[in-house]
Amino acid sequence: MGRAEERRAQKRGGSAPRSARGKKPKKAGIRRFFTWKKLLAYFFGLIALGVGAFVALYMYVDVPKDGKYAARAQATVYKLDDGTVIKRDGAFNREEVPFQKIPKTVQNAVVAAENKDFWDDSGVDLQGTARGILNTVMGRGKQGGSTITQQYVKNYYLDQRQTVSRKVTELIISLKLKNEKSKEDILAGYLNTSYFGRNAYGIQAASHAYFNKDVDKLSTQEAAYLAALLQAPSQYDVVTGTDTGKRMAKERWAYVLDKEVEKGWLTKAERTKMSFPKVGKVKPDTSFKKQYGYFYDLAKVQAEEAIKQSGGNIGAGGYTITLSIDAKRQAALEKAVDDQLWSKLDPSVRKIDKAVQPGAVSVDPKTGKIVAMYGGKKYLEHQINNASREDYTPGSTFKPFIYASALANGAKTQDGKPINANTIYNGDNEHVIQGPGADGYAPENEDQHSYGPVTVEVGMEKSINPVFAQMAVDVGLEKVKDTAVGLGMNPKVKDFVTKPAMALGAMGQSPLHMAGAYATLNNHGQKVEPSIIKSISRGGSDISLPKSSGGEKVISRDAADGVTAVLKSVVESDDGTANKFRSDRYQVAGKTGTAEKDRAAWFTAYTPDLTTVVAVYGEGDGGKQEPLYGAGGLPRVNGSGYPAEIWAAYTDAALGDDATAKFDLETDNGAATQAPPPPTTTAPPVTQAPTTPPATPSKPPTTPPATTKPPTTKAPETTPPTHHTKPPKPPKPPTDPPTGNTGKPNPPGDNGGPGGDDGLHLNGLSPSPSS
């Protein structure tokens, strides 16, 4: 049969003709290597090769006679960018204890937390190890789960490198170790080599560091807390950690006890009666100078997380952690606090002066790096970092996030008008808020002052409470919270609930998180997560760090720049709460804020080059929050007082002659271009937007940017209210206004005048303003 006949037979669905001997012709070329029989042979051959290689490695790798970890342990060095060493974690605080001295309560807690099947497993987690090897090969860095045996092998025999060879070696030694050591010896070795925070290596050192007692004296509750620390030692320290870290530590503590119940090591009745133990204070390190203690505390938490994400363990030592603090700017910040605050206080004359606690964070928005930070006057006397604490409320510095959410979501007023800088809101004292979730909330203005109809821009300039309470309801309280969290606020703090009073900054927050949120606005809506870490290296190799700036796009540039344009008015307008801090050298966008009863005062502001948050707290004995009335001899302390004065002095010195003069804004939501209607206190109008139609259906109405010449548009006409409003109270008789540190009357809108930041109650009722 010829080739033509063969092809015809194949087209008809038949097989190729056989040769004269009854065999099919052999496949030619590369196809002859990919028959199903050969593919099956390749598969089994590959398996055999892998098994053979593993057997060879198993025969080759021995369990070391002596542990190498202790012999090769190195110090972890924290230093400034100029090479100044601020801390050397080199005195490894470890005291080994035999298994017999480790009580059953501790054993059960650690096994429940880290490897609940430890007593019955083979010593390895093949699935977790395979996942770890795959992540390493693909460059992801994060390791899969490990058993207690594998963690002990890594701690005691190996190093912390994330390589395939190290992981395979760990697996083999772990498999062999079960034949050479008892489970009791392995658990004792793990507990004696693990890092628990507070420079404590091993369970005995940890017991003394946190409870000032030997390990065999620990209660079940105390043992559960030490077991919980193994997951994140520095973060879960309930004395020095953040509010978020403390909450997570308690959740982990509860998890450990619940697992003990699950395993039958603890009864449900016993578990129910248990409460979180009292953890001892940290013994201060007397070697810290200046602000170094505060730098170290924050750097250690951030470094620990970064190293953990890369698959390492900070407790292994040997890391060099370089901080991002700029020596020149740090010196400028410390001098500004000394000159503008400490020099004006005298605790011997005024008891309240002893309660004053300042905190500040300054961030480069382009890099996300912290260039200066102030945690407190003396670290050895006050180890709570005022720059990262989250227990004081930020007041009206929250209001820009409401406007940001309105622009980002294309929100409209109750009568369907898009919200922008020209939108008219009712600024009267105790104006009843309308809409879902309002529940009759009627926030007061400072000094019960009523403004009548005002634009959003004027509302921001004078910090008028009803404007932003109504706007928050118009946008949607959940959307406002989502925007604020996306920008950088911590959602896991106390009282961050979706009620109208949220609009007045009634939740706890730290200068660190507020700096991140404002820096994100300054960075045109791209996420900024402030970091004090410039670099981390070990053994000459740099560790990959999380991105601090320029990552996720939180809100559009149009929305972010629109907020900046309005915040400029707070400083540049004659009616702005921070108008005395305008600069001839560079533009400033910012917001003042004062917590209820003057317990805290804030100034959160930025130039094109720096975002800086300054807060002043009132902290009495035992950490109790105290009103700052009379501090420094002033009637009250507000955001435009000490915080803004520190901010201005620092910023002038920190920027020097290299300051960028103007913001680079690209927005259709610039500052207001229409004059607000004349104020009235008798007939508050409904909210009303300008008559200019929106540019597109999906965007708010376009108004020229702040840099353009305002058009000659008439002010919008007001109409009678269409919903019930509570008649405003008449303003109080005029009195002599309190003065700020300069001796000038405080501008309206920030506790020194009408329109301030009080009313921070979450029950939906209008509280009495501060006097």
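Note that the structure is a prediction, hence the values are computed from the model and not measured.
- Note on ring orientation: taking the six-membered ring where Trp is involved, the planes of Tyr379 and Tyr294 are perpendicular (angle over 60°, cut-offs 30° and 60°).
- Taking the side chain as every heavy atom from C-beta outward, Asn426 and Gln470 never approach each other to under 4.5 Å.
- A donor atom on one side chain and an acceptor atom on the other are not found under 3.5 Å apart for Tyr650 and Thr612.
- By the 30° and 60° cut-offs, the orientation of the rings of Phe398 relative to Phe401 is perpendicular.
- For Asn445 (side chain) and Asn465 (main-chain N/O), a donor-acceptor pair under 3.5 Å exists by modelled atom type.
- We find the CD-OG1 distance between Glu446 and Thr577 to be 12.5 Å, quoted to the nearest 0.5 Å.
- With hydrogens and angles ignored, the 3.5 Å screen pairs a side-chain donor or acceptor of Gln302 with a backbone N or O of Ile532.
- Between the side chains of Asn429 and His449, no donor N or O sits under 3.5 Å from an acceptor N or O.
- No donor-acceptor distance shorter than 3.5 angstrom exists from the side chain of Glu619 to the backbone of Val356, with no hydrogens or angles considered.
- Listed for the Asn490 side chain is no donor-acceptor partner under 3.5 Å among the backbone atoms of Gln509.
- Using a distance-only test at 3.5 Å, with no hydrogens or angles considered, no donor-acceptor pair links the side chain of Asn638 to the main chain of Thr594.
- Here the side chains of Thr483 and Ile555 are in contact, with some heavy-atom distance below 4.5 Å.
- Side chains of Gln357 and Ile384 form no contact here, defined as non-hydrogen atoms less than 4.5 Å apart.
- When the options Asn522, Thr520, Thr604 are evaluated for a side-chain hydrogen bond (donor to acceptor under 3.5 Å, both in side chains) with Thr611, the one that passes is Asn522.
- At a threshold of 4.5 Å between non-hydrogen side-chain atoms, the residues Asp338 and Ser343 do not count as touching.
- The backbone N or O of Lys479 lies less than 3.5 Å from a partner atom in the side chain of Ser405, making a donor-acceptor pair.
- In summary, the side chains of Lys399 and Ser463 do present a donor paired with an acceptor at a separation below 3.5 Å, with no hydrogens or angles considered.
- Side chains of Lys624 and Arg599 form no contact here, defined as non-hydrogen atoms less than 4.5 Å apart.
- Cation-pi geometry between Lys481 and Phe496 is met: the NZ or CZ atom falls under 6.0 Å from the ring centre, inside 45° of the normal.
- The shortest heavy-atom contact between Thr564 and Leu665 is CG2-CD2, 3.9 Å.
- Judged by distance alone, with hydrogens and angles left aside, the side-chain atoms of Arg582 form a donor-acceptor pair with the main-chain N or O of Asn579 at under 3.5 Å.
- The backbone N or O of Glu457 sits nowhere less than 3.5 Å from a side-chain atom of Tyr403 that would complete a donor-acceptor pair.
- Side-chain atoms of Asp353 come within 3.5 Å of backbone atoms of Asp346 as a donor-acceptor pair (strictly under, hydrogens ignored).
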Please test Leu567 against Lys591 for side chain to side chain contact (heavy atoms under 4.5 Å, CB included), starting from the C-alpha separation and ending with a verdict. CA-CA 7 Å; Leu567 289 179; Lys591 186 73 187 73; 4.2 Å; yes
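- With Trp602 as the partner, the side-chain contact (heavy atoms from CB on, under 4.5 Å) test is satisfied by one option alone out of Val614, Val616, Val613: Val613.
- For Pro394 against Gly505, the heavy-atom pair with the smallest separation is CD-O, 3.5 Å.
- Remark: the backbone N or O of Val301 is not paired with any side-chain donor or acceptor of Ser234 at under 3.5 angstrom.
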